Amino acid sequence: MKKLDLKILENADRQTVERLAELCPSAGERERIKLWRRLESRCKDNKYAYSVEGVDTYKHSAVHHFSMAAMCAAVILIITGSIFGLKRLKAPDNTLSPSVEMTTAEPTETALNDKTDAQTELVLKMLNSIDYYDKVSGKLVEKGNGNSFNDVEFEVDLTTARSYSHIRQCWTDSHESAINGDLSGAEIIKDENDTYDFIRYSDGNNVYTYNLASKKKEYISPSVKRADSEKIPDDERREGSGKNLWWKWRTDPLNCEYASHSLFPQLIVSTSLDDQDKWQIVGSQTYIGRECTAVSGKDGSFTALIDTQTGVLLKYVATDSNGEICDYICVHSIAFDDEADEVRKFDFTESEAD
């Protein structure tokens, strides 16, 4: 990995710095990609956002100004794994926002349009999934660190930039149960400072978090509009050469961070599906009432179901070298457009605001 140009972080907001700190004690490939992904979600005005395989470069534009010194310190500590002197912020290591431990494929020099037609068509649909629906609602689970997972209920309206999501960060004795939709044994994570049961809400102008235990509201960022996510021409999605190929990412307009790895699956394309020589389409399958394209790693390391109509990732399960589940995203219910639930209105009172 080449040297990071920390100038790219100079316009990051306070929330991003806190999230960076929470990724301690060390950052592997997944954490680095998640780190840059979170920065991208704050962008509004950039023409294109760039996601780099191996995270060598990342371009984004300003949303809020924050101390460059603080950001540099946070990044250096994370990338090197040195956490001494860094104060714990908000959540423990195992209760962070969506975790995706995708199998990172080694990039090849093969150009995008040289890949198999079916794989290319599927990847491009996933990279542009937000163009195939206006509204979506449903429920999903996504693995966190260790024995934790996120239980997420979501409602999104891309036409208004409004969204609502209820996130419970839970302990579980069985990830298999969470994958299968049995959450009866799950326990919401609590510590002496917080209970990880909260609402993430976009009113169309700003995004807030509301903690259901403390009754506190926290401003996160401006809402991202659909028009801010300019479509990138297919022949410009892949850039670089040799081992420094990367995918250009569009700005995420969902305003629904805890469901974005499913609803706008640019991350899995940049990781597990990056090298099309290492995975294959194995057929079609109906899952939760949706027609899906089934794919799998040729080494058996993961399986995935992608909604054929929209490119939304409905199920992803990865295993380690011992055959143990190491990562998953599983949508348990989903509806689009006219069948989707309307985004509920969530009112805050003055007494609840920070």
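Because the structure is a prediction, the values reported are computed rather than measured.
Between Arg237 and Arg250 there is a side-chain heavy-atom pair separated by less than 4.5 Å. At least one side-chain heavy atom of Tyr258 sits under 4.5 Å from a side-chain heavy atom of Gln169. Put simply, the side chain of Asp252 does not reach to within 4.5 Å of the side chain of Ser229, judged on heavy atoms. In this structure, the side chains of Arg290 and Thr310 come closer than 4.5 Å at one or more pairs of heavy atoms. Side-chain contact check for Gln309 versus Tyr133: every heavy-atom pair is 4.5 Å or farther apart. Looking only at side-chain heavy atoms (C-beta outward), Cys170 and Leu183 stay at 4.5 Å or farther from each other. Looking at heavy atoms from C-beta onward, Tyr132 lies out of side-chain contact with Phe336 at the 4.5 angstrom threshold. With a 4.5 Å cut-off on side-chain heavy atoms, Trp249 and Leu267 count as touching.
Two different hydrophobic clusters hold Ile188 and Phe198 under the rule that ILVMFWY side chains link at heavy-atom gaps under 4.5 Å. The hydrophobic clustering, which links ILVMFWY residues whose side-chain heavy atoms are closer than 4.5 Å, places Trp171 and Tyr196 together. Linking ILVMFWY side-chain heavy atoms closer than 4.5 Å, directly or via other members, places Leu313 and Leu124 in a single hydrophobic cluster. The hydrophobic clustering, which links ILVMFWY residues whose side-chain heavy atoms are closer than 4.5 Å, places Ile288 and Leu305 together.
Taking the side chain to side chain contact (heavy atoms under 4.5 Å, CB included) definition, one finds that Thr293 meets it with Leu122, Ile281, Val295, Thr308, sequence neighbours left out. Under the salt bridge (charged side-chain N to carboxylate O under 4.0 Å, His left out) criterion, Glu291 pairs with no residue at all, not counting sequence neighbours. By the salt bridge (charged side-chain N to carboxylate O under 4.0 Å, His left out) test, Asp134 is found to be paired with Arg226, residues two or more places apart in sequence or in another chain being considered. In this structure Asp151 satisfies the salt bridge (charged side-chain N to carboxylate O under 4.0 Å, His left out) test together with Arg168, sequence neighbours excluded. In this view, Lys135 and Glu342 satisfy the salt bridge (charged side-chain N to carboxylate O under 4.0 Å, His left out) rule, not counting sequence neighbours. Residues forming a ring-ring contact (aromatic ring centres under 6.0 Å, His included) with His332 (at least two apart in sequence, or on another chain): none.
A side-chain donor from one of Ser184 and Asp182 sits under 3.5 Å from a side-chain acceptor of the other.
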TODO: For Ser301 and Asp299, run side-chain hydrogen bond (donor to acceptor under 3.5 Å, both in side chains): C-alpha distance rounded to whole Å, both residues' side-chain angles, the deciding distance at 0.1 Å, then the answer.
DONE: CA-CA 6 Å; Ser301 60; Asp299 61 357; 2.7 Å; yes
- [ ] Could you walk me through whether Arg162 and Ser202 pass the side-chain hydrogen bond (donor to acceptor under 3.5 Å, both in side chains) test, one step at a time?
- [x] CA-CA 5 Å; Arg162 294 181 61 240; Ser202 168; over 6 Å; no
Open item on the list: Under the criterion side-chain hydrogen bond (donor to acceptor under 3.5 Å, both in side chains), I'd like the reasoning laid out for Tyr316 against Ser272: C-alpha separation, chi angles, the key distance, then a yes or no.
Closed with: CA-CA 10 Å; Tyr316 172 87; Ser272 290; 2.9 Å; yes
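At least one donor-acceptor pair under 3.5 Å links the side chain of Gln119 to the backbone N or O of Trp279.
In this structure, the separation between OG on Ser129 and CG on Leu254 is 7.0 Å, given to the nearest 0.5 Å. We find the CZ-OG distance between Arg200 and Ser163 to be 9.0 Å, quoted to the nearest 0.5 Å. How far CG of Asp234 is from CG of Asn128: 6.5 Å, rounded to the nearest 0.5 Å.
Closest of all the heavy-atom pairs between Asp203 and Asn205 is OD1-N, 2.8 Å. When all heavy atoms of Pro265 and Ser262 are compared, the closest pair comes out as CD-O, 3.6 Å.
More than 12 heavy atoms of other shown residues, nucleotides or ligands fall within 6.0 angstrom of atom CD in Gln280.
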